[in-house]
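Take a look at the structure set out below.
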Amino acid sequence: MILVTGSSGRIGRHLVEALLARGETVRGFDARPSGRSTEGYSEVTGAFSDADAAARAMEGVRIIFHLGAFMSWLLADQPRLFEANVEGTRVLLAAAAAQKARRFLFASSGEVYPENMPQYLPVDEAHPLAPASAYGLTKLLGEEMVRWAGRSAGLAFTILRFSHTQDATELLDPDSFFSGPRFFLQSRIRQQEAFGNQAVADLLRRHDPGRPAMVLARNEAGRPFRMHITDARDMVAGLLLALDHEVTIGGTYNLGATDPVDFAEALPMLAEVTGYPICMVDLPGAGVFYETSNARFRAETGFAPAWPFARMVEEAAVAWRAKHRS
């Protein structure tokens with residue numbers, strides 16, 4: 001049996017489907033029920049830090065994909081971050097060792113690097129680790145616990161540092177957790193107010209044309225943001241390759257899209273679909289500008305992402321038009 005934590009999440013639900021399609025017996029473990037009732041699938045609902053729930057989830061399991069995590073950048077959420085991502089990972093590793101599980105594949109994050117202040121580009125696995133966010137810190141601590149479980153309990157592991165990941169249809173959803181504030185002006189204003197960044201919210205509001213609009217974020221020198229955006233289906237393909245290639249055991253890899261997304265190129269593509277104007281806003285600071293290398297993972301597993309950003313936009317456009325015809 002294969003356990004997928006975070007089975008109700010963006011990547012987890014796609015991974016469950018892929019594993020079931022391969023004929024695997026799968027158990028999900030998440031704080032939220034998936035609503036899935038499929039032959040070969042069962043689930044445990046609970047917190048990863050709940051030892052009893054973790055033991056139930058781990059019963060009979062030979063392979064674990066630990067994808068589940070709590071994600072937030074709010075100061076008030078830090079206790080919850082450490083409970084879910086650090087203590088939860090510790091509890092799961094203990095349960096996996098007790099079960100004598102065969103493999104433990106851990107979803108870390110590119111936020112273990114100083115993505116917004118890299119020492120060099122592209123960022124590879126040898127880049128110094130210096131998380132700037134509490135979320136990134138919890139993932140780095142998780143990595144160290146996984147490695148320790150490998151040394152102390154003989155647990156075969158693979159660590160995958162995930163790129164930023166989305167479903168394609170989220171790209172043009174102003175209410176989505178990521179793409180809403182990334183690409184839509186009003187959503188970004190609300191996000192910055194929630195963060196307590198009133199000065200930035202006011203700056204953004206000064207560019208508001210009084211109707212729905214998109215925002216092209218640039219840094220204080222006018223450089224457009226650039227980052228990786230990976231389709232969830234490509235992440236699932238990478239996870240399955242990591243499972244199938246034993247060369248990845250004991251290794252740490254960047255997993256994500258090969259090419260970063262330049263916002264100066266992305267926003268016109270999105271605006272063409274929505275018909276919304278683009279507001280260019282120069283935000284304080286160095287801004288988001290990085291490129292992460294997946295070359296090692298591609299070389300060792302044959303990983304070939306099939307959903308570049310332009311293809312994601314095509315799918316997002318279909319969803320947008322269907323929604324706005326109704």
Side-chain angles (χ1 to χ4, degrees), residues 1-30 41 43-44 48 54 57-58 60-69 71 84-86 88-112 125 138-163 165 230 232-256 294 296-303 305:
M1 181 180 293
I2 297 178
L3 177 66
V4 177
T5 74
S7 47
S8 295
R10 166 183 296 105
I11 301 174
R13 64 178 183 270
H14 287 296
L15 179 60
V16 167
E17 290 173 4
L19 291 168
L20 290 171
R22 285 168 55 139
E24 301 285 359
T25 302
V26 182
R27 180 176 295 137
F29 184 20
D30 205 316
Y41 179 75
E43 66 184 17
V44 172
F48 304 142
M58 202 68 66
V61 165
R62 58 192 174 86
I63 296 167
I64 301 98
F65 287 94
H66 182 28
L67 312 184
M71 184 177 291
N85 300 353
V86 180
T89 298
R90 185 196 69 78
V91 169
L92 282 166
L93 286 166
Q99 179 64 31
K100 294 182 170 51
R102 185 164 63 85
R103 291 285 300 277
F104 193 98
L105 295 99
F106 178 65
S108 184
S109 168
E111 288 200 31
V112 301
E125 292 85 354
T138 66
K139 283 300 185 180
L140 182 54
L141 292 171
E143 286 191 14
E144 289 303 313
M145 288 189 293
V146 169
R147 294 187 186 98
W148 180 80
R151 295 191 301 272
S152 65
L155 183 62
F157 67 86
T158 303
I159 294 169
L160 298 161
R161 292 173 177 159
F162 278 20
S163 159
T165 305
T230 305
R233 289 163 290 195
D234 280 335
M235 299 301 282
V236 168
L239 286 163
L240 295 176
L241 285 168
L243 174 63
D244 293 341
H245 287 73
E246 291 192 356
V247 68
T248 67
I249 292 175
T252 301
Y253 301 87
N254 294 331
L255 176 60
N294 64 4
R296 180 183 175 202
F297 192 70
R298 285 189 288 115
E300 295 189 15
T301 68
F303 178 57

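Keep in mind that this is a model prediction, so the values were computed, not measured. The basis for the numbers below is simple: all heavy atoms, side chains too, and nothing from hydrogens, waters or symmetry mates.
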Contacts under 3.5 angstrom, residues 155-163 side chains, donor-acceptor by atom type, not counting sequence neighbours:
unit_1: T158; atom_1: OG1; unit_2: R103; atom_2: NH2; d: 3.1
unit_1: T158; atom_1: OG1; unit_2: T248; atom_2: O; d: 3.1
unit_1: T158; atom_1: OG1; unit_2: T248; atom_2: OG1; d: 3.4
unit_1: R161; atom_1: NE; unit_2: E143; atom_2: OE2; d: 2.8
unit_1: R161; atom_1: NH1; unit_2: Y113; atom_2: OH; d: 2.9
unit_1: R161; atom_1: NH2; unit_2: E143; atom_2: OE1; d: 2.9
unit_1: S163; atom_1: OG; unit_2: T230; atom_2: OG1; d: 2.8

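The two residues L93 and V146 come nearest to each other via the heavy atoms CD1-N, 3.7 Å. Nearest heavy-atom pair across A107 and K139 is O-NZ, 2.7 Å. The shortest heavy-atom contact between F297 and N254 is CB-O, 3.7 Å. Taking every heavy atom of both residues into account, L67 and G12 meet most closely at CD1-CA, 3.8 Å. In terms of heavy atoms, A18 sits closest to L240 at CB-CD1, 4.0 Å. In terms of heavy-atom proximity, G68 sits nearest to H66 at O-CE1, 3.3 Å.
Within the structure, side chain to side chain donor-acceptor pair (under 3.5 Å) contacts touching residues 234-245 (residues at least two apart or in different chains) are R22-D244. Residue pairs meeting the salt bridge (Lys or Arg N to Asp or Glu O under 4.0 Å) criterion with at least one partner in residues 2-15, sequence neighbours excluded, are R10-E170, R13-D167. Within the structure, every pair that satisfies the salt bridge (Lys or Arg N to Asp or Glu O under 4.0 Å) test and touches residues 90-101, not counting sequence neighbours, is listed here: E87-R90.
To the nearest 0.5 angstrom, L243 atom CG is 9.0 Å from I249 atom CD1. To the nearest 0.5 Å, the span separating CG on L92 from CD on Q99 amounts to 12.5 Å. The distance from the CG atom of L19 to the CD1 atom of I2 is 4.5 Å, given to the nearest 0.5 Å. Atoms CG and CZ, from L3 and R27 in turn, are 7.0 Å apart once rounded to the nearest 0.5 Å. Note that CG of L140 is 12.5 Å distant from CG of N85, once rounded to the nearest 0.5 Å.
Under the side-chain hydrogen bond (donor to acceptor under 3.5 Å, both in side chains) criterion, R233 pairs with D231, E315, not counting sequence neighbours. Applying the side chain to side chain contact (heavy atoms under 4.5 Å, CB included) criterion to A153, with sequence neighbours excluded, gives A97. Scored by the side chain to side chain contact (heavy atoms under 4.5 Å, CB included) test, R298 finds T258, N294, A295, F303 as partners (sequence neighbours excluded). In this structure F65 satisfies the ring pair (Phe, Tyr, Trp, His ring centres under 6.0 Å) test with no other residue, sequence neighbours excluded. S7 meets the side chain to side chain contact (heavy atoms under 4.5 Å, CB included) test with V4, V16, D30, Y41; sequence neighbours excluded. Remark: E144 engages R147 in a salt bridge (Lys or Arg N to Asp or Glu O under 4.0 Å) (not counting sequence neighbours). When the side chain to side chain contact (heavy atoms under 4.5 Å, CB included) test is applied to E300, the partners found at least two apart in sequence or on another chain are V247, Y253, R296.
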